Amino acid sequence: MLERLADEIPRFFSWSNMLLLGEAMAITLAMTLVGCVLGFLFAFIIAFTRQVPGILTLPFRTAAILFVEVFRRIPFLVVLFLVLFFIQAVAQGTSLFTVAVVSICIYSTAYIADIIRGGFESVARQQIEAAQAMNFSRWQILKSIIVPQSWPVVLPPAVAFMVGFIKDTSLVSQIGVFELTFRGRELNNMGFSGILVFGTIAFLYFAISYPLARWGQWLEKRLAR
Amino acid sequence: MRGDLSHHLEIKGACASYGRIQVLKGVDLTLGKGEVVALIGPSGSGKSTVLRMVMGLTLSTAGEIRLDGEAVNYRNPASLRRLRDRIAVVFQQYNLFQNMDVMRNVTIAPLKIKRRPRDQVVADAKRVLAKVGLADKLAAYPDELSGGQQQRVAIARALCLNPEILLLDEVTSALDPELVNEVLDTIRGLAAEGMTMLIVSHEMAFVREVATRVILMDDGQMVEAGTPQDIFDKPQTQRARDFVGKILRH
Amino acid sequence: MNYTFQWGVALQHLPGLLEGAKLTFIIGFLTFWGASLLGLVMAALKTYGGRIARRIVGAYVIFFTNTPALVQIWFLYFGLPDVGIVWDKFTCMLIGLTLNSGAYLTEIIRAGFISVRRNEIEAAETLGFSRIQQVWYVIVPHIAKTIYPALANFFIVILVMGTSIGSVIGVQELTSQAKDLATVDYRYLEVFTIAAAIYVVLTFVASITLALVGRWAFRVKAKIF
């Protein structure tokens with residue numbers, strides 16, 4: 001075993017392989033970032049919609065709640081396949097990277113919407129009543145009171161979710177996006193030892209995830225001040 | 001007696017409920033220009049709900065509220081906005097915006113809601129904050145201030161809206177005893193300037209001093225109304241005698 | 001969109017999908033209990049153990065929570081045979097998921113340990129409780145009540161996120177079944193939609209059951225939605 005590893009290591013850590021893995025890391029990070037940032041945007045819209053009372057917005061509210069509740073109960077892998085087959089049915093030739101980003105966006109929207117809703121609900125009712133009594137519009141209350149007061153509550157779990165989701169994007173390898181896990185499987189298929197390959201892949205994920213997770217914890221402490 | 005007799009604010013047969021519990025069972029009240037009306041009564045008698053109802057924070061289930069003779073439609077945003085444009089409220093728990101400093105708390109509504117020119121608003125705010133004795137706290141955040149200071153900022157915030165009527169909801173009951181007077185002094189000053197006010201208070205000596213009329217409430221109803229002398233010295237009903245007897249023994 | 005939905009064809013696969021749902025539930029159940037046991041031991045070591053034990057548990061948690069479960073399972077499945085350990089795919093997935101979930105549960109259970117307050121134990125001591133009575137009547141109920149919502153939530157996470165990973169190495173759970181049955185007559189969208197619906201129903205029933213159990217057993221108001 002050790003001889004095999006000693007034989008493989010120089011070949012495995014070749015310049016071209018490292019370039020390949022570096023590029024794969026960039027893809028992993030890029031799709032998580034784009035998907036989650038878009039997800040945050042949509043989540044914010046959903047959370048805001050859920051706040052607006054009245055019969056006119058009832059269909060939107062129901063749709064928002066259904067969206068959040070349903071997609072939090074379906075595995076990411078299933079969402080990925082649904083998006084893939086749906087997009088293939090409506091728009092052939094869409095890149096797999098786009099499929100991955102759309103899936104990540106849908107999934108993170110559902111999770112982050114719930115985080116934001118929790119944050120909105122953490123703002124004391126009296127703060128909102130004071131603003132209402134001074135004729136603040138719904139939008140002004142959101143902008144001047146709710147968002148500034150809730151972001152210390154929203155940001156840490158939202159960041160934790162996004163950082164945690166970097167790992168879950170490994171499932172995107174299943175539809176053939178050339179991200180980190182996919183390249184690992186490929187190298188393994190080329191005959192490199194599974195221990196060597198997946199050990200390295202795990203280490204690379206760790207190298208992305210651990211510093212970001214620490215940064216998230218630091219952020220939480222700082223905001224809780 | 002101060003104030004003219006035209007009914008500035010008028011509440012007629014107002015009822016309100018929290019869930020299944022009816023907290024107001026038909027309240028009638030008038031407030032003339034320049035009057036200071038005080039609502040007194042035991043906790044849970046519905047005094048604060050009257051103020052919340054006037055501001056549209058609690059919706060009434062029956063009755064009506066008129067401002068200068070015109071009925072307010074609380075379900076109509078424009079009508080509610082017109083009312084809130086003219087009446088300001090100060091809450092028991094101050095409810096200063098925690099994410100804004102004192103100056104911002106006081107100026108945000110005149111600037112962003114009333115859209116008045118900035119230099120005028122800033123000058124106004126500085127003058128009013130100086131009047132309540134907080135000229136040196138403009139950049140402080142609410143959590144850096146004592147309860148009494150926060151409550152004075154809240155009063156300044158309400159005053160900078162240039163309201164025609166000021167509602168004060170137990171503004172001293174959340175304060176430590178030694179901080180009560182600084183707030184009461186501020187209100188005394190307002191009364192002397194002729195500000196129309198509807199006050200909910202537990203400070204009987206203070207009520208007696210500033211109120212032009214006193215209304216005693218119990219169990220969501222008005223028990224007795226009259227001048228402070230009427231209510232405190234010669235109460236007519238048994239309930240009023242009980243209540244006044246209890247507070248005078250303190 | 002020129003895609004004609006053919007639900008009738010897809011619905012013929014319902015029995016197969018339900019078969020997969022059964023396995024999904026079994027995997028979720030086994031993983032949850034295995035990981036809880038592991039998490040309990042690890043949390044105890046991390047809270048009450050010696051310096052070295054604490055270090056080791058800390059490293060375990062940090063490593064397993066910062067790398068993807070999929071890569072961990074592939075490491076077991078494709079890597080370990082290199083050193084002569086050959087496990088079947090079911091075992092690999094169960095061990096992988098248990099190790100992965102155990103790391104998260106260590107943190108959850110540890111939070112429960114830390115929440116036990118000194119003065120509660122002292123109160124029990126002054127009331128003349130024996131050591132065992134203290135543990136049984138004061139400490140265990142307190143911990144159970146504190147961590148129950150997080151545990152219940154994590155069971156759902158395992159049921160959804162965790163088990164679907166099995167499909168990647170071909171364990172015939174729900175996602176895997178959907179993948180296979182969809183290829184029979186190419187009704188991908190329909191079959192995956194039905195699978196998604198089964199996931200929603202499955203987790204919904206689990207959520208409600210857990211909320212009711214929590215209410216009866218620990219008087220916790222667990223959130224269903």
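Numbers restart at 1 for each chain; the letters A, B, ... are given by sequence-line order, proteins then strands. Note that the structure is a prediction, hence the values are computed from the model and not measured.
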J.: Quick one, C/Val168 and A/Leu77 - any side-chain contact, counting heavy atoms below 4.5 Å?
T.: yes
J.: Can you tell if the side chain of C/Leu76 reaches within under 4.5 Å of the side chain of A/Phe198, non-hydrogen atoms only?
T.: no
J.: Tabulate, in ascending numerical order, the residues of residues 92-112 of chain C having at least one heavy atom closer than 4.5 Å to a heavy atom of chain A, or enter 'none'.
T.: C/Tyr104
J.: By number, which residues in residues 172-180 of chain C have some heavy atom less than 4.5 Å away from chain A?
T.: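 Under the 4.5 Å heavy-atom cut-off, C/Thr175, C/Lys179 qualify.
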J.: What distance separates A/Phe206 CZ from C/Thr67 OG1, expressed to the nearest 0.5 Å?
T.: 8.0 Å
J.: Tell me, out of A/Val79, A/Leu204, A/Leu82, who's got the most heavy-atom pairs with chain C below 4.5 Å.
T.: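 The residue among A/Val79, A/Leu204, A/Leu82 with the greatest pair count is A/Leu82.
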J.: How would you list, in number order, the residues of residues 188-197 of chain A that have a heavy atom less than 4.5 Å from chain C?
T.: A/Asn188, A/Ser193, A/Gly194, A/Ile195
J.: Can you see which heavy atom on C/Asn66 is nearest to which on A/Ser209, and at what distance?
T.: OD1-OG, 2.6 Å
J.: Does anything in residues 19-41 of chain C reach chain A? List residues with heavy atoms under 4.5 Å apart, or say none.
T.: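 Listed by number: none.
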J.: Quick one: does any side-chain atom of A/Lys167 pair with a main-chain N or O of C/Thr65 as donor and acceptor, under 3.5 Å?
T.: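 At least one qualifying donor-acceptor pair exists.
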J.: Around atom CZ of A/Phe13, are there more than 12 heavy atoms of other residues, nucleotides or ligands at under 6.0 Å?
T.: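 For A/Phe13, atom CZ is crowded (more than 12 foreign heavy atoms under 6.0 Å).
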J.: Would you find more than 12 non-hydrogen atoms of other residues, nucleotides or ligands less than 6.0 Å from A/Phe67 atom CZ?
T.: yes
J.: Measuring from atom CG of C/Leu159 to atom CZ of A/Arg73, what distance do you get when rounded to the nearest 0.5 angstrom?
T.: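 Going from CG on C/Leu159 over to CZ on A/Arg73, the span is 10.0 Å.
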J.: Heavy atoms only: give me the nearest C/Ala196-A/Ile74 pair and the separation to one decimal.
T.: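 Nearest heavy atoms, C/Ala196 then A/Ile74: CB-CD1, 3.6 Å.
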J.: For A/Ala213, which atoms come within 4.5 Å of any heavy atom of chain C: side chain, backbone, both, or neither?
T.: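 It is the side chain, since no backbone atom gets that close.
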J.: Quick check on C/Ile52: does its CD1 atom have over 12 non-hydrogen neighbours (other residues, nucleotides or ligands) under 6.0 Å away?
T.: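 Open.
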J.: Kindly indicate whether the side chain of C/Ser167, heavy atoms from C-beta on, has any atom under 4.5 Å from the side chain of A/Gln174.
T.: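 They are not in side-chain contact.
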J.: For C/Phe63, is it the side chain, the backbone, both or neither that has a heavy atom under 4.5 Å from a heavy atom of chain A?
T.: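 C/Phe63 touches chain A through backbone and side-chain heavy atoms alike.
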J.: Would you say A/Arg4 has more than 12 foreign heavy atoms packed within less than 6.0 Å of its CZ?
T.: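 Check passes, neighbour count above 12.
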J.: Any idea which of C/Leu202, C/Val157, C/Ile156, C/Ile62 has the most non-hydrogen atom pairs under 4.5 angstrom with chain A?
T.: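 Result: the option with the highest number of such pairs is C/Ile62.
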J.: Chain A heavy atoms under 4.5 Å from C/Thr193: which part of the residue, side chain, backbone, both or neither?
T.: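 For C/Thr193, heavy atoms of backbone and side chain both lie under 4.5 Å from chain A.
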J.: What distance separates C/Ile165 CD1 from A/Asp168 CG, expressed to the nearest 0.5 Å?
T.: 7.0 Å
J.: Can you check whether C/Phe78 reaches A/Arg185 side chain to side chain, under 4.5 Å on heavy atoms?
T.: yes
J.: Nearest 0.5 Å, please: how far is CZ in C/Phe75 from CD1 in A/Ile201?
T.: 12.0 Å
J.: At a heavy-atom separation under 4.5 Å, does A/Ser173 approach chain C through its side chain, its backbone, both, or neither?
T.: side chain
